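So the structure is just underneath, and the comments pick up after that.
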Number of protein chains: 2
Amino acid sequence: MDQDRVDNGLRRFESLCRERGLPLTVQRREILKALLQRDDHPTADQVYGCVKERITGLSRTTVYRVLETLVRLGVVRRLHHPGTSVRFDGKISRHHHLVCRKCNRVIDLENRSLDHLELSSMRLHGFQVEDYSVHLVGVCADCGRKSRPTS
Amino acid sequence: MDQDRVDNGLRRFESLCRERGLPLTVQRREILKALLQRDDHPTADQVYGCVKERITGLSRTTVYRVLETLVRLGVVRRLHHPGTSVRFDGKISRHHHLVCRKCNRVIDLENRSLDHLELSSMRLHGFQVEDYSVHLVGVCADCGRKSRPTS
DNA sequence: TGCCTAGATGGTAATTGTTACCAAAAAATG
DNA sequence: CATTTTTTGGTAACAATTACCATCTAGGCA
Ligand SMILES: [Mn+2]
Ligand SMILES: [Mn+2]
Ligand SMILES: [Zn+2]
Ligand SMILES: [Zn+2]
């Protein structure tokens, strides 16, 4: 867990809320904190699962709603990856993903060379690029071991 | 519409079916043809919408099932992108996508330099990469025009 | 500090995309 | 053709997400 990411994220969130007159609720803070502390890419339900112990009476609906708010504020990213339900990513700096086509796990990939792809020369037909990321699809280490037994 | 892609796709599909003893049904052929003819990234429901006119009595269930089969055969790709439902891509050669965060459109991006990223040097922690693609997120030309009126 | 009000939450019901199931229909095989 | 195997259509079940509304809370103000 990256304590700096947690602190910075929470601070940025609080100032954004003040800026826009959004009330700072326990639910919002705890849900964001939970996301910032993990470095996987949980679904709304998984977030609910780990936050409900800290906030008694937390509603699943609230989790969906708060996650939506956090995405709108730009402190969290929404991911669309295999496995039916939407995933959330507490890491908003540019990074890339390894996607396992067997277990649907999504693993962060940090790589400086991928962070600076030359896009300016592309024919984008008027599309305004704001960010990008590279998705590497394949089989993760765990799944690779399982399918090809200890050779 | 790229007639070669349609022809090649259908031919490949037919030989794969024979190989694996899968019956060649009208539904499978028409659904694949519809996907190969489009160069957007339709949902199952959109595919149903445009194929049902060609096959009377076509069931939505069949569309979902056939799309799944086509993905398993490797003649179409499943995409996970904004807008809740799964999208399908009839183009299976390596290519990239522009994703509009306003209208959720997904536009193909062909770019030679993106097709040959140097991955071998990366620390992949045992992940076996089979393919990759780059997602450029931003605002498409149409949406850009709308929000920032004719200046 | 104790009200007031806009906005947020919780709980339930509705909606939507997708899958399970099974009887009827269509392909392959010989 | 007759047989066997697999697919299809239709409906019911499911799961993720959203709509709704009564209740509650954060934040502003006396
Ligand atoms: Mn990530
Ligand atoms: Mn595509
Ligand atoms: Zn895996
Ligand atoms: Zn757009």
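From a predicted model like this one, the values you see are computed outputs, not experimental measurements. So you know, we letter chains A, B, ... as the sequences are listed, proteins then strands, and number each from 1.
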Residue of the set B/R28, B/R29, B/R20 for which salt bridge (charged side-chain N to carboxylate O under 4.0 Å, His left out) holds with B/E14: B/R29
B/H135/A/H135 aromatic ring centres below 6.0 Å: yes
Nearest-nucleotide comparison on DNA chain D, the residue closer to the 5′ end among A/V26 and A/D45: A/D45
Side chains of B/V71 and B/R77 in contact at under 4.5 Å (non-hydrogen atoms): no
Side-chain touch B/E68/B/Y64, heavy atoms, less than 4.5 angstrom: no
Sugar-phosphate, base or nothing in reach of A/T61, heavy atoms under 4.0 Å: base
Given DNA chain C, 5'-ward residue of the pair A/L22 and B/R60, judged by closest heavy atom: A/L22
Earlier contact from the 5' end, DNA chain D, for B/R28 and B/T84: B/R28
B/R105 with B/D142: basic N within carboxylate O range, under 4.0 Å: yes
First-last contacting nucleotides on DNA chain C - partner chain B, under 4.0 angstrom, heavy atom: C/dG17 to C/dA28
Aromatic ring pairing B/H97/B/H81, orientation class (parallel under 30°, perpendicular over 60°, tilted between): perpendicular
Boundaries of the chain B footprint along DNA chain D (any atom under 4.0 Å from a heavy atom): D/dT6 to D/dT11
Side chain to side chain contact (heavy atoms under 4.5 Å, CB included) partner of B/H95, chosen from B/D108, B/V134, B/L109, B/N111: B/D108
Touch class at under 4.0 angstrom, heavy-atom based, for B/G57 against every strand present: sugar-phosphate
Check: A/Y132 side chain, A/L117 main-chain N or O, donor-acceptor pair, under 3.5 Å: yes
Closest-nucleotide 5' rank along DNA chain C - winner of B/Y64 and B/L24: B/Y64
